Amino acid sequence: MPFITAILNQKGGTGKTTTTINLGAALAFQGHRTLMVDLDPQGHTTIGIGVEPESFRESMAEVFTIPKKNINEVVVPTYIPKLFVAPATIHLAQAAEQVYSRVFREAILAQALKGLDYEFVIIDCPPSLGVLTTNSLYACDFIIIPCQISRYSLDGLADLLTTIETVKSLGLEELFQGDHFRILLTMFDKRNRITNEYILEQLKPYREKTFATPIMKNEALNQAQIAQKSIFDYDPKSSGAQDYYQMTAEFLEIWQKRNNLPEKRPNLQSCR
Amino acid sequence: MAKKKQFAGKKTKLAELPLTRVLEQKAGDEAAWEELQTSGATGSRQLILSMERKEEEAAGPLAAAYLQVLEELMVLQADLEPGGEFHPSPDLPAPPARIPLQILEQALRQAREGLQDLHRLLST
């Protein structure tokens with residue numbers, strides 16, 4: 001059974017796609033067979049990992065519109081061994097409109113992910129709280145919430161936690177005590193001292209639910225998008241690569257604990 | 001006006017979320033318990049509230065802390081009296097876990113002294 005993780009925040013530009021690609025790449029470099037599911041009609045995970053829209057016939061739009069369509073039928077390999085992507089195009093937006101009339105529409109993705117031969121599935125969610133996002137919430141075992149250091153991100157986080165509570169049918173205590181989610185601070189800039197101080201104070205109650213590694217603002221991460229590569233390939237010595245490596249190590253610790261596996265620190269060298 | 005001072009009283013949705021309140025209360029209970037244990041071990045008396053805090057215009061937290069001390073005092077008294085029972089107000093945080101008698105007596109002394117200090121602070 002794969003460990004299904006949704007990368008989720010209804011606010012745009014928080015680093016969902018960057019996190020999906022680099023977490024996916026890091027896991028694959030560590031030897032884990034990993035599938036990235038692009039659930040954003042903008043298709044940025046697909047493009048960002050170097051899969052061009054002309055190279056595939058079917059995508060996540062078909063998974064959502066053709067009943068009982070298995071996700072394996074649309075999966076394509078990436079340039080990284082052991083890393084695969086279920087691609088998305090703009091047609092996914094129309095497909096999402098169509099599923100509103102279907103029964104059990106929140107369970108379409110969960111159904112399509114059944115019986116997959118991967119260790120990890122990472123879902124890149126769209127920047128909204130619509131049917132695609134509720135599908136990923138319904139299907140996932142774990143949620144990563146990339147969060148920028150800004151006031152509006154905090155408000156978005158509040159809405160998101162309320163949605164998670166509702167869709168996962170969790171009580172407040174259960175939401176916190178169970179290992180259901182982690183906040184990932186992204187685009188962190190040490191120079192913004194006053195803002196950082198305020199936002200971190202607001203996030204204090206969530207300290208245990210926040211990755212210890214913040215992803216620092218790093219130009220190499222933007223450049224890797226243009227190069228359509230993971231940060232480990234584009235600039236393995238950059239702070240972005242180091243941050244995503246550390247974050248992946250934390251993620252693997254959570255996974256090991258959840259599955260009662262012996263703790264094993266991943267090897268930095270295997271991320272190129 | 002200093003930039004930071006303009007943040008005063010600005011609430012975010014996150015701060016008002018019931019989950020955040022639950023977590024804050026939990027953290028508060030743990031901190032109070034740890035502080036009690038530390039002061040019990042060293043024998044030193046620590047007053048959480050200070051003149052600095054008052055000068056920082058922390059009137060809200062000061063009042064809340066005052067209420068908290070009162071409530072804890074009543075809980076401790078109820079614990080000391082055989083058959084004593086205390087029902088906290090639903091608006092106030094739940095009392096910490098059961099406390100050993102020795103620490104309890106010390107806590108009562110501290111609370112009394114704290115209340116006296118607090119009274120002095122508030123009347124200046």
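Small disclaimer: the values here were computed from a predicted structure and weren't measured. So you know, we letter chains A, B, ... as the sequences are listed, proteins then strands, and number each from 1.
- Within 6.0 Å of the OH atom in A:Tyr198, the count of heavy atoms belonging to other residues, nucleotides or ligands exceeds 12.
- The two residues B:Thr20 and A:Pro205 make their nearest non-hydrogen contact at CG2-CG, 3.9 Å.
- When side chains are defined from C-beta on, A:Arg151 counts as touching B:Thr12, because their heavy atoms get closer than 4.5 Å.
- With a 4.5 Å cut-off on non-hydrogen atoms, A:Glu197 touches chain B through its side chain but not through its backbone.
- Heavy atoms closer than 4.5 Å to chain B are found in the side chain of A:Leu161, but not in its backbone.
- Of the inter-residue distances, the one linking A:Leu154 atom CG with B:Lys13 atom NZ reads 11.5 Å to the nearest 0.5 angstrom.
- More than 12 heavy atoms of other residues, nucleotides or ligands sit less than 6.0 Å from atom CZ of A:Arg258.
- Counting heavy atoms of neighbouring residues, nucleotides and ligands inside a 6.0 Å radius, atom NZ of A:Lys217 does not exceed 12 of them.
- Put simply, the side chain of B:Leu17 reaches to within 4.5 Å of the side chain of A:Thr162, judged on heavy atoms.
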